[in-house]
Amino acid sequence: MEGVKGKVCVTGASGFLASWLVKRLLLCGYHVIGTVRDPANEKKVAHLWRLEGANERLKLVRADLLEEGSFDDAIMGCQGVFHTASPVMKSSFHPKALTEEIVELAVKGTVNLWYALAKAQAEKAAGEFCTENKIDLVTVLPAFVVGPSLPPDLCSTASDVLALLKGETEQFQWNGRMGYIYIDDVALCHILVYEHEGASGRYLCSSMVIDHDEPYYEFNTSKITSLGFKFRLIEEMFDDCIKALVEQGHLFL
Ligand SMILES: NC(=O)c1ccc[n+]([C@@H]2O[C@H](COP(=O)([O-])OP(=O)(O)OC[C@H]3O[C@@H](n4cnc5c(N)ncnc54)[C@H](OP(=O)(O)O)[C@@H]3O)[C@@H](O)[C@H]2O)c1
């Protein structure tokens with residue numbers, strides 16, 4: 001562990017992305033206040049308590065995005081807040097049951113559009129609030145995240161990867177052409193921009209873009225790589241993901 005650092009809050013701490021962030025923050029020496037909707041839900045939080053440094057420097061508190069003022073206690077006294085809690089679009093939203101292709105496309109498109117719009121609006125609102133209240137806001141925008149899941153229940157994107165590995169490509173194709181990033185790199189990018197005094201604005205984080213197995217185009221990630229960040233390769237993220245899925249009993253080879 002590095003030297004002991006200050007207190008930070010991670011919202012939605014039990015999630016796929018946040019669990020890795022909590023893990024990395026604890027390893028860096030931070031005191032972490034993690035918010036979850038139900039701290040008593042053993043199944044959802046047990047993996048957090050197993051992290052190195054958790055017994056000494058992790059506290060889980062209850063907070064729900066839908067309840068006003070719910071995060072006040074968690075954030076109080078923290079030097080930084082990593083906000084990852086978000087309702088995440090589930091694959092079950094896919095209107096698979098509908099047989100008419102045109103209806104399916106329209107519904108999928110609408111769900112995608114509204115989800116993307118909601119995320120963009122949330123970021124805009126956060127930006128306006130932070131400017132008004134003189135709070136530094138830095139946004140990390142990861143591509144599709146791949147890697148070992150610390151929570152036992154797979155989030156929607158990890159389930160999509162599992163489906164792909166099982167040959168159920170339809171679920172994955174729905175994601176289309178996109179960039180990929182290793183889950184641990186997402187956590188490390190968050191900490192890098194948090195600790196870097198000159199960091200500001202939005203940071204696009206992606207290792208590589210793939211379309212039908214061929215590199216197609218790349219995102220411009222020079223803003224984060226200019227801070228010294230080096231993304232891990234797509235082979236490594238899938239190798240480690242597959243290994244973890246096998247160990248966790250999700251995948252049988
Ligand atoms: N996974 C990816 O590939 C990917 C890529 C780019 C961006 N992102 C973004 O990263 C963020 C986290 O995604 P993830 O993949 O880690 O998803 P996840 O595993 O589903 O985590 C989402 C977390 O949000 C919490 N949450 C949901 N509704 C909430 C509410 N009403 N109040 C408080 N907490 C709530 C959940 O908490 P509970 O445990 O209480 O249910 C869960 O821990 C999202 O904003 C997502 O859009 C993800």
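Both ligands and their constituent atoms are indexed starting at 1 by order of listing. Any value given below was found using the heavy atoms of this structure, including those in side chains, with hydrogens, waters and symmetry copies removed.
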Check each of L51, V22, I33 against L58 using the side chain to side chain contact (heavy atoms under 4.5 Å, CB included) test, and report the only one that passes.
V22
Would a hydrophobic clustering, with Ile, Leu, Val, Met, Phe, Trp and Tyr connected at side-chain separations under 4.5 Å, put M178 with L164?
yes
For atom 11 (C) of ligand 1, the option (of T84, I181, L141, V36) bearing the nearest heavy atom
T84
Counting both backbone and side chain atoms, is some N or O of P142 under 3.5 Å from an N or O of ligand 1?
no
Residue selection (non-hydrogen contact nearest atom 27 (C) of ligand 1) among A85, S86, G12
S86
Looking only at heavy atoms, is any part of A63 under 4.0 Å from ligand 1, and if so is it the side chain, the backbone, or both, or is it neither?
backbone
Is the Y182 ring parallel, tilted or perpendicular to the W20 ring (thresholds 30°, 60°)?
perpendicular
Mind checking whether D64 contacts ligand 1 via backbone (N, CA, C, O), side chain (CB onward), both or neither, at a 4.0 Å heavy-atom cut-off?
both
Beyond-backbone contact of L60 with L48, side-chain heavy atoms, under 4.5 angstrom
yes
Does ligand 1 come near enough to D38 that some N or O of the ligand is less than 3.5 Å from an N or O of the residue?
no
Taking the side chain as every heavy atom from C-beta outward, state whether F238 and Y180 have any pair of such atoms under 4.5 Å apart.
yes
So is S70 touching ligand 1 or not, going by heavy atoms under 4.0 Å?
no
Hey, could you give me the CG/CG distance between L150 and L21, rounded to the nearest 0.5 Å?
11.0 Å
Could you tell me whether L65 and ligand 1 have an N or O pair separated by under 3.5 Å?
yes
Nearest 0.5 Å please: distance from the CD1 atom of I224 over to the SG atom of C205.
4.5 Å
Checking contacts here: is it the side chain or the backbone of A13 that comes within 4.0 Å of ligand 1, counting heavy atoms only? Could be both or neither.
neither
Is there a heavy atom of S19 sitting under 4.0 angstrom from any atom of ligand 1?
no
